[in-house]
Amino acid sequence: MTLILFFSLCAVLTVIVSLVVIFPWLRAKRSSDNQLMAINVQIFGERIAELDADKAAGVIDETSYQAQITELKRQLLDAQTVAETHAPVGVKGRAIVMIWIPILAATAYVLVADRTPVYALWQAQDTVGQVADDLLTGKIDVPPEWAVKDSTALISAMQTNVHRYAYDANRWMRLSELFLMLDAKPQALEALARANRLEPDNDEIALIYAQTSVFVNEGRLDAATRAALEGILAKTPNHEGAMMMMAMGESRAGNYTQAKAWIARLRTNIAQSSGDRSEALASLDKLIANINQQEAAIAQGVSVVVNIAPNLLKEVKPDEVLFVSISDQAGGAPFAVKRVSVAQIQGTSGVKVSLSDLDAMMPERTLSSARKSAATLVVNARISRAGSAIAQSGDLFANPVVLDKQTEVALTISQLVP
């Protein structure tokens, strides 16, 4: 049905365009051209009569008379030639143009590119379009079994539906749920971001967006997530979910003082609540103990500042991955390694990475055990184009730095893996 409607509209539009293009032809009338020619002939006769009278009266001689007669004939001949050259197109010619313009337009549309995806989308709209709308509006929670058989068509129909109602935050929310079911985390986060922008005062959407963002970004709070949580807390200072998210984010970022402050604030709020909240308080105690353990481990670790040489900054893409590690100079698995997105590198100021026993690949192979064994340790930094833990041709790396007893090291990415 959609396909038929589309081609019907195309045919109507091309006919309208055809009429607009040949409208001057339709207005042209041969009779007007004939009248103009008759006037020219009349004027020519009157001018000849005047010349005859002038010759008879002796005003002009024979030579002038013949010259002017010749000029009048030439002018009349030119007028007749122009009229014949610009004669209006006949009915047959107009009909041919009106028929061929739609045919050529339709042929060009079909032949210019492969329209298979377009046809597939139209078919999806016809078959599961209503199911997609019911899912996005909450009329149904689970699609019919027959609609799930072609999941690609259902997803396409849902995406099309959401973009058709682009200002409906609830549709974007439900689309994000679909993406999460398909493990399409970046797409789910983008859909939630759209919903949050559409309804910035909706605390429920803001909290779900923040939770998903922290989950997708492995516990980190980005600027948008932090702003969403701060907006919730500005209106509801004792919002436990928002406070917990802030505590977890600050802890993940290594801002342990701020994390403890949020936990203390959350603990006070829980303690003042009615009912048995002992389980929640015990969870906070465990979280504080975990933070203290992390602080102690980091105090024994190494802080590594990684910069990129100015001449290589333009070659680095935000989706590439930075690996920072501490390993034995003699070889073997690293004692500590951390994977960081290159997008976190702030221009020439670089990025600061902490390596400690918390970043060990194996429980028995830690940084503290390596220091006790007096092994010669080196700090490495490498930017992987493909995100691989193994160096590949085209990766960028820094010259290793031997680690003695210092707790701070600076590396500069300046070399290219051949």
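Predicted model, so just to flag it, every value in this text is computed and none were measured. The analysis underlying the following values was restricted to heavy atoms, covering all of them including side chains, and did not include hydrogens, waters or symmetry mates. The chain is numbered in sequence order, starting from 1.
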- Note on the structure: For Ala191 and Ser176 the tightest heavy-atom approach is CB-CB, 3.9 Å

- Task: Test side chain to side chain contact (heavy atoms under 4.5 Å, CB included) on Leu411 and Asn307 and set out the steps.
- Result: CA-CA 6 Å; Leu411 296 176; Asn307 294 283; over 6 Å; no

- Is any side-chain N of the basic residue among Asp395 and Arg385 closer than 4.0 Å to the acidic one's carboxylate O? no

- Message: Please check this pair: side chain of Asn217 against backbone of Ser213, looking for a donor-acceptor N/O pair closer than 3.5 Å.
- Response: yes

- Message: Looking only at side-chain N and O atoms, does Ser368 offer a donor or acceptor that is under 3.5 Å from a partner on Asp357?
- Response: yes

- Query: Does Lys352 NZ have over 12 foreign heavy atoms under 6.0 Å away?
  - Reply: no

- Salt bridge flag under 4.0 Å for residues Arg171 and Glu177: no

- One should read off an interatomic distance between Glu320 CD and Ser384 OG, to the nearest 0.5 angstrom, of 8.0 Å

- Item | Nearest-0.5 Å distance, CG of residue Asp201 to CD1 of residue Ile232 | 11.0 Å

- Quick one: does Glu240's side chain get under 4.5 Å of Ser273's, heavy atoms only? yes

- Can you name the nearest heavy-atom pair linking Trp172 to Ala195, along with the distance? CB-CB, 3.9 Å

- With the side chain counted from C-beta on, respond yes when Phe335 and Asp328 share a heavy-atom pair under 4.5 Å apart, and no when they do not. yes

- Between Arg365 (side chain) and Ala360 (backbone), is there a donor-acceptor pair under 3.5 Å? no

- Task: Look up atom CZ in Arg194 and atom CG in Leu175, then write down how far apart they are to the nearest 0.5 Å.
- Result: 10.0 Å

- Task: Take atom CD of Gln293 as the centre, draw a 6.0 Å sphere, and report whether it contains more than 12 heavy atoms from other residues, nucleotides or ligands.
- Result: no

- Task: Only one of Val321, Val316, Val306 passes side-chain contact (heavy atoms from CB on, under 4.5 Å) with Val342; say which it is.
- Result: Val316

- Message: Evaluate Leu312 against Glu315 for side chain to side chain contact (heavy atoms under 4.5 Å, CB included), listing each step before the verdict.
- Response: CA-CA 5 Å; Leu312 295 178; Glu315 298 185 19; 3.9 Å; yes

- Item | Any donor-acceptor N/O pair, Thr412 side chain to Ser414 backbone, under 3.5 Å | no

- Does a side-chain heavy-atom distance below 4.5 Å link Met246 with Leu233? yes

- State the NE2-CE distance between His239 and Met244, to the nearest 0.5 angstrom. 12.5 Å

- Message: Strictly below 4.0 Å, N to O, side chains only: are Glu250 and Arg226 in salt-bridge contact?
- Response: yes

- Query: Do Ile291 and Ile263 come within less than 4.5 Å of each other through their side chains, counting heavy atoms only?
  - Reply: yes

- Item | Check: Lys338 side chain, Ser354 main-chain N or O, donor-acceptor pair, under 3.5 Å | yes

- Counting only heavy atoms not in Met362, do more than 12 fall under 6.0 Å of its CE? yes

- Message: Please check this pair: side chain of Gln406 against backbone of Asp404, looking for a donor-acceptor N/O pair closer than 3.5 Å.
- Response: yes

- Message: As a test of understanding, state which of Val128, Asn161, Ile140 forms a side-chain contact (heavy atoms from CB on, under 4.5 Å) with Asp133.
- Response: Asn161

- Message: Tell me the closest heavy-atom pair linking Ala224 and Tyr209, and the distance in Å.
- Response: CB-OH, 3.3 Å

- Item | Main-chain N/O of Ala247 paired with Ser251 side-chain donor or acceptor, under 3.5 Å | no

- Quick one: are Leu377 and Val402 in side-chain contact, heavy atoms under 4.5 Å? no

- Does a side chain donor of either Glu199 or Asn202 reach within less than 3.5 Å of an acceptor in the other side chain? yes

- Do Ile205 and Ile208 have side chains that get closer than 4.5 Å, going by heavy atoms? no

- Are there more than 12 heavy atoms of other residues, nucleotides or ligands under 6.0 Å from atom CE of Met248? no

- Query: So do the side chains of Phe179 and Lys185 get within less than 4.5 Å of each other, counting heavy atoms only?
  - Reply: no

- Task: With rounding to the nearest 0.5 Å, note down the distance linking OG in Ser278 to CG in Asp285.
- Result: 10.5 Å

- Determine the minimum heavy-atom distance between Arg382 and Ser388, stating which atoms define it. NH2-O, 3.1 Å

- Item | Backbone N/O of Pro237 and side chain of Arg265: donor-acceptor pair under 3.5 Å | yes

- Task: Spell out, as yes or no, whether a donor-acceptor pair under 3.5 Å connects the side chain of Thr236 to the backbone of Asn238.
- Result: no

- When rounded to the nearest 0.5 angstrom, what distance separates OG1 in Thr376 from CD in Gln329? 5.5 Å

- Which atom pair, heavy atoms only, marks the closest approach of Ala386 to Gln392? CB-OE1, 4.0 Å

- Between Ala381 and Leu322, the two heavy atoms sitting closest are CB-CD1, 4.4 Å

- Task: Please step through side chain to side chain contact (heavy atoms under 4.5 Å, CB included) for the pair Asn380 and Ser327, ending with a clear verdict.
- Result: CA-CA 8 Å; Asn380 299 280; Ser327 57; 3.4 Å; yes

- Query: Between Asn255 and Gln258, is there a donor-acceptor pair closer than 3.5 Å when you use the side chain of the first and the backbone of the second?
  - Reply: no

- Item | side chain to side chain contact (heavy atoms under 4.5 Å, CB included) between Ile155 and Thr152, worked out | CA-CA 5 Å; Ile155 293 170; Thr152 302; 5.9 Å; no

- Message: Counting C-beta onward and ignoring hydrogens, is there a side-chain heavy-atom pair between Leu396 and Leu416 closer than 4.5 Å?
- Response: yes

